[in-house]
**Q** 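The structure that follows is given in the form of structure tokens.
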Amino acid sequence: MAHIVIMGAGIGGMPAAYEMQEMIRKGDKVTVISDRENFQFTPSNPWMGVKWRARKDIEFPVRTYLARKGIDFISTGVKRLHPEQNQLELNDGQTVNYDYLVIATGPKLAFEEVEGLGPHGGFTHSVCNVDHAMKSHDEWDQFCKHPGHIVVGAVQGASCFGPAYEYAFIMDTDLRKRKIRNKVPMTFVTAEPYIGHLGLGGVGDSKGILESAMRDHDIKWICNARTTKVEAGKMYVTEHDDMGVEKRKHELPFTYSMMLPAFKGVDAVFGIEGLTNPRGFILVDKHQRNPKYKNIFAVGVCVAIPPVEATPVPTGTPKTGYMIESMVTATVHNIRADLAGEPADTEATWNAVCLADFGDTGAAFVALPQIPPRNVNWFSEGKWVHLAKIAFEKYFIRKMKKGSSEPFYEKNILKMLGIEKLK
């Protein structure tokens, strides 16, 4: 009988475990391995950063919920993958053998690539995980008592720009509610060639809509920006023109800053020849399967996807919720087919569908497919997006506690957007 191991207990790993458990044969076993005991609903981190959420609202222990579905759970974490031996070396020295492995770890945050970046040993905040968002959460009131300049955005090589825009507008909304927005100049710094590029080459009129929104909210911006160094209260940024030639150097003072870093693959897989690209992301074929190690699959942010286009300052490609959901379903069906001795034939739909909350309104976009040319290229905004994002949070957390494998985007978001199914 087969042992299917899933590395990661996040947005990709937990749904993969539930779906896989429903598809296995009698006698097969599913095990989830994570480096922490808790599931964290990452999309809510921007809210947590300004104290709109407490940790308990978006995090819960997973062991009991997985056990109810007959899924084993190990929270020691993986030190190193040994694919030639079909074995995982854990941080406590134990080893776990597998027949199939699903890598759903998410990324390693590459703060070290910019001097002074990051909340631990650096001078900027992050909303990439709950621990980082909590650090901002704990300090936000202090900043509001002594407000000053905010610098927010994403550095070169970043691939997930949505949370940077979300956090900028959420901070703006919170400051307006506190009636101190007039005391807080705000600058958005991004590696994107223009506002609304999003690592996708733009979606619909994302450029016009987001630029207009930023003007309306008095947020200035610098694009084609390479963040070279951060010191206490000062960020050094080099702005480039459309040809990538240095245009201007900026020294931006700040009292508070949140900058998203570039991503890399996690240490447990980094540098394994044939498994990862030079950044440590997992190489997969159209069936989510690694070309060299046929019993290894990957889903989510850890998957290697090339940039949509070359940009003057490097930008990556985001992996949005719908894409991850689709990757999970394809992976599970292909492992089940392999168990039955049948060829893998399910492909993920690598489309981008995203809801971005702006505090009291929001923006939604659909890029189908994610890499142009596209069949659907749609961007819209409104208060309904803010309400939909709240509903998404509550629904998804409840779904993870219930142990449901029901596809959220197919059932809810696409219907809300008037799209029956993305193919």
**Q** More than 12 non-hydrogen atoms from neighbouring residues, nucleotides or ligands closer than 6.0 Å to NZ on K51, yes or no?
**A**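 Check passes, neighbour count above 12.
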
**Q** Between Y98 and T31, do the side chains contain an N or O donor and an N or O acceptor separated by less than 3.5 Å?
**A**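 No.
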
**Q** Kindly compute the distance separating CD1 (I390) from CG (L355), expressed to the nearest 0.5 Å.
**A**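 With rounding to 0.5 Å, CD1 (I390) is 11.5 Å from CG (L355).
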
**Q** Show your working on side chain to side chain contact (heavy atoms under 4.5 Å, CB included) between V127 and L260 and close with a plain yes or no.
**A** CA-CA 8 Å; V127 291; L260 299 179; 4.1 Å; yes

**Q** What's the spacing between I74 CD1 and L88 CG if we round to 0.5 Å?
**A**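 CG of L88 is found 9.0 Å from CD1 of I74.
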
**Q** Please report the C-alpha distance between T317 and S159 in whole Å, then the side-chain angles of each, then the deciding distance to 0.1 Å, and finally whether the side-chain hydrogen bond (donor to acceptor under 3.5 Å, both in side chains) criterion is met.
**A** CA-CA 5 Å; T317 304; S159 58; over 6 Å; no

**Q** Pair H132, F111 - check ring pair (Phe, Tyr, Trp, His ring centres under 6.0 Å), show working.
**A** CA-CA 12 Å; H132 294 166; F111 293 115; 5.5 Å; yes

**Q** Is there any salt bridge (charged side-chain N to carboxylate O under 4.0 Å, His left out) pair reaching into residues 34-49, and which pairs are they, with sequence neighbours excluded?
**A**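 Every salt bridge (charged side-chain N to carboxylate O under 4.0 Å, His left out) pair that includes a residue of residues 34-49, provided the two are not neighbours, is E37-R63.
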
**Q** Taking atom types as modelled, find out whether E84 and Y293 have a side-chain donor-acceptor pair closer than 3.5 angstrom.
**A**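 E84 vs Y293: donor-acceptor pair found between side chains.
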
**Q** For H125 and Y256: C-alpha separation, side-chain torsions, deciding distance, then whether ring pair (Phe, Tyr, Trp, His ring centres under 6.0 Å) applies.
**A** CA-CA 8 Å; H125 289 278; Y256 178 95; 4.6 Å; yes

**Q** Please check if any side-chain donor atom of T315 sits under 3.5 Å from a side-chain acceptor atom of H197, or the reverse.
**A**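 Distance-only check fails for T315 and H197.
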
**Q** Could you check whether K319 makes a cation-pi contact with F281, meaning its NZ or CZ is under 6.0 Å from the centre of the six-membered ring and within 45° of the ring axis?
**A**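 Geometry flag: set, cation within 6.0 Å and 45°.
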
**Q** Do Q87 side-chain atoms and N97 backbone N/O form a donor-acceptor pair below 3.5 Å?
**A**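 Not a single qualifying donor-acceptor pair exists.
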
**Q** F39 vs F41 aromatic rings, parallel, tilted or perpendicular, using cut-offs 30° and 60°?
**A**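 F39 and F41: tilted rings.
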
**Q** What pairs of residues pass the side chain to side chain donor-acceptor pair (under 3.5 Å) test when at least one of them lies in residues 274-287, not counting sequence neighbours?
**A**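 Residue pairs with at least one partner in residues 274-287: E113-R279.
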
**Q** Assess the side chains of D57 and W47: does a donor N or O sit below 3.5 Å from an acceptor N or O?
**A**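 W47 and D57 do not have a side-chain donor-acceptor pair below 3.5 Å.
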
**Q** What is the minimum heavy-atom distance between C223 and E239, and which atoms define it?
**A**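 It is O-CG, 3.6 Å.
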
**Q** Name all residues meeting the side chain to side chain contact (heavy atoms under 4.5 Å, CB included) criterion together with H217; count only those two or more places apart in sequence or in a different chain, and write none if there are none.
**A**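 Partners of H217 by the side chain to side chain contact (heavy atoms under 4.5 Å, CB included) criterion, ordered by chain and then number, come out as F169, D172, R176, I219.
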
**Q** Where is the tightest heavy-atom contact between A110 and K264, given as atom of each residue plus distance?
**A**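 What the structure gives for the nearest pair is CB-CG, 3.8 Å.
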
**Q** Looking only at atom types and distance, does a side-chain atom of T361 sit under 3.5 Å from a main-chain N or O of G382, one as donor and one as acceptor?
**A**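 At least one qualifying donor-acceptor pair exists.
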
**Q** Side chain to side chain contact (heavy atoms under 4.5 Å, CB included) between L275 and K292: does it pass, once the steps are laid out?
**A** CA-CA 7 Å; L275 180 70; K292 181 176 180 180; over 6 Å; no

**Q** How would you list all residue pairs meeting salt bridge (charged side-chain N to carboxylate O under 4.0 Å, His left out) that involve residues 118-132, not counting sequence neighbours?
**A**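 Matches after skipping sequence neighbours: R55-D131.
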
**Q** Looking only at heavy atoms, what is the nearest atom pair of S404 and Y18, with distance?
**A**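 For S404 and Y18, the tightest heavy-atom pair comes out as O-CD1, 4.0 Å.
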
**Q** Run N129 and T42 through side chain to side chain contact (heavy atoms under 4.5 Å, CB included) and show every step you take.
**A** CA-CA 6 Å; N129 64 40; T42 306; over 6 Å; no

**Q** Quick check for you: to the nearest 0.5 Å, what is the distance between M258 atom CE and M171 atom CE?
**A**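 With rounding to 0.5 Å, CE (M258) is 6.5 Å from CE (M171).
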
**Q** Taking the side chain from N86 and the backbone from D99, do they hold a donor-acceptor pair closer than 3.5 Å?
**A**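 Judged by distance alone, no pair lies under 3.5 Å.
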
**Q** I'd like to know if the side chain of T124 and the backbone of G118 have a donor-acceptor N/O pair within less than 3.5 Å.
**A**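 Confirmed, T124 side chain pairs with G118 backbone.
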
**Q** Does the K294 side chain pair with the main chain of P291, one donor and one acceptor, at a distance under 3.5 Å?
**A**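 Side chain of K294 to backbone of P291: a pair is present.
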
**Q** Is the side chain of Q288 donor-acceptor paired with the backbone N or O of A298 at a distance under 3.5 Å, no angle test?
**A**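 A pair under 3.5 Å: yes.
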
**Q** Determine yes or no for a side-chain-to-main-chain donor-acceptor pair under 3.5 angstrom, with R336 supplying the side chain and M23 the backbone.
**A**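 Yes; judged by distance alone, with no hydrogens or angles, the pair exists.
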
**Q** Take K108 and D267 through the side chain to side chain contact (heavy atoms under 4.5 Å, CB included) test and state the conclusion after the steps.
**A** CA-CA 8 Å; K108 178 179 179 179; D267 292 343; 3.0 Å; yes

**Q** Do K383 and D360 meet the salt-bridge criterion of a basic N to acidic O distance under 4.0 Å?
**A**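 K383 and D360: not salt-bridged.
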
**Q** Between I103, I272, V266, V299, which is the residue that forms a side chain to side chain contact (heavy atoms under 4.5 Å, CB included) with I282?
**A**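 Of the listed options, the one satisfying the test is I103.
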
**Q** Within the side chain of S44, is there an N or O that forms a donor-acceptor pair under 3.5 Å with the backbone of I58?
**A**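 Not confirmed, S44 side chain does not pair with I58 backbone.
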
**Q** Just how far is it from atom CE of M186 to atom CD1 of I150, taken to the nearest 0.5 Å?
**A**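 Output value for this atom pair is 4.0 Å.
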
**Q** What residues, two or more places apart in sequence or in another chain, satisfy side chain to side chain contact (heavy atoms under 4.5 Å, CB included) together with L387?
**A**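 L387: no side chain to side chain contact (heavy atoms under 4.5 Å, CB included) contacts found.
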
**Q** Taking atom types as modelled and ignoring hydrogens, do the side chains of D338 and Y100 form a donor-acceptor contact shorter than 3.5 angstrom?
**A**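 Judged by distance alone, the side chains do pair up.
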
**Q** Does the ring of W52 carry K177 above it, NZ/CZ under 6.0 angstrom from centre and within 45° of its axis?
**A**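 The answer is yes; both the distance and angle limits are met.
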
**Q** First locate atom CD1 of I195, then atom CZ of F188, and finally report the distance between them rounded to the nearest 0.5 Å.
**A**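 Result: 5.5 Å between the selected atoms.
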
**Q** Is the terminal nitrogen or CZ of K401 (NZ for Lys, CZ for Arg) located under 6.0 angstrom from the six-membered ring centre of F60 and within 45° of that ring's axis?
**A**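 Yes; both conditions hold, so K401 lies above the ring face of F60.
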
**Q** Please list all pairs meeting salt bridge (charged side-chain N to carboxylate O under 4.0 Å, His left out) that have one or both residues in residues 306-318, counting only residues at least two apart or in different chains.
**A**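 Of all non-adjacent pairs touching residues 306-318, none passes salt bridge (charged side-chain N to carboxylate O under 4.0 Å, His left out).
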
**Q** To the closest 0.5 Å, what do you measure between NZ (K69) and OG1 (T64)?
**A**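 So the gap between those two atoms works out to 14.0 Å.
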
**Q** Cut-off 3.5 Å, side chains only: do H333 and E19 have a donor facing an acceptor?
**A**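 Absent: no donor and acceptor within the cut-off.
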
**Q** Hey, does the side chain of T228 reach the backbone of Y236 with a donor-acceptor pair shorter than 3.5 angstrom?
**A**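 Yes.
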
**Q** Has the side chain of D138 got a donor or acceptor atom that lies under 3.5 Å from a matching backbone atom of K135?
**A**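 Absent.
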
